[in-house]
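Source: prediction; values computed, not measured.
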Amino acid sequence: ESHASIIDRGFQKDVVVGNALVSMYSKCGNLDDARSVFQRMPQRNVVSWTAMIAAYFQSGHGENALELFREMQLKGVEPNEVTFTSVLSGCSHA
């Protein structure tokens, strides 16, 4: 319902809103919706990538998380401290 309201108001193109949706869906355990929002985001920043990487790790999809981490770097997005913490934490729990 909240997501539909965001789309109706045209906020789906806002990177901050997209990041919040990815985070919300992943924290609710809905990886498919988190991935869908991430893939449809017209712009992504390091927060977007980190949120999706963390979502994969949290749901037990470490291989996907590492693949996305590599893709992020190939696209020229510089990982930050939070990104590295998510990757190290995810790998240590795998």
Legend entry - Partners meeting side chain to side chain donor-acceptor pair (under 3.5 Å) with N45 (sequence neighbours left out):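 Applying side chain to side chain donor-acceptor pair (under 3.5 Å) to N45 gives N19, S48.
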Inset, instruction - Please report the C-alpha distance between C91 and V87 in whole Å, then the side-chain angles of each, then the deciding distance to 0.1 Å, and finally whether the side-chain contact (heavy atoms from CB on, under 4.5 Å) criterion is met. - result: CA-CA 6 Å; C91 288; V87 170; 4.2 Å; yes
Inset, instruction - Quick one: closest heavy-atom pair of S26 and A34, and the distance? - result: N-CB, 4.0 Å
Legend entry - Side-chain heavy-atom pair Y25, R35 within 4.5 angstrom cut-off: no
Legend entry - N/O donor-acceptor pair under 3.5 Å between S89 side chain and S86 backbone: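 Pair absent, no side-chain N/O of S89 close to backbone of S86.
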Inset, instruction - Starting at CG of L31, measure out to CZ of F38 and round the result to the nearest 0.5 Å. - result: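 Rounded to the nearest 0.5 Å, the CG-CZ separation comes out at 11.5 Å.
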Legend entry - Spacing of NE2 belonging to H93 relative to CZ belonging to F57, to within rounding of 0.5 Å: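 If we round to the nearest 0.5 Å, H93:NE2 and F57:CZ are 11.0 Å apart.
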Using atom types as modelled, flag every donor-acceptor pair under 3.5 Å from a side chain in residues 61-81 to any protein atom, sequence neighbours excluded.
residue : atom : partner : partner atom : Å
N80     : OD1  : V82     : N            : 3.0
N80     : OD1  : T83     : N            : 2.9
N80     : OD1  : T83     : OG1          : 2.9

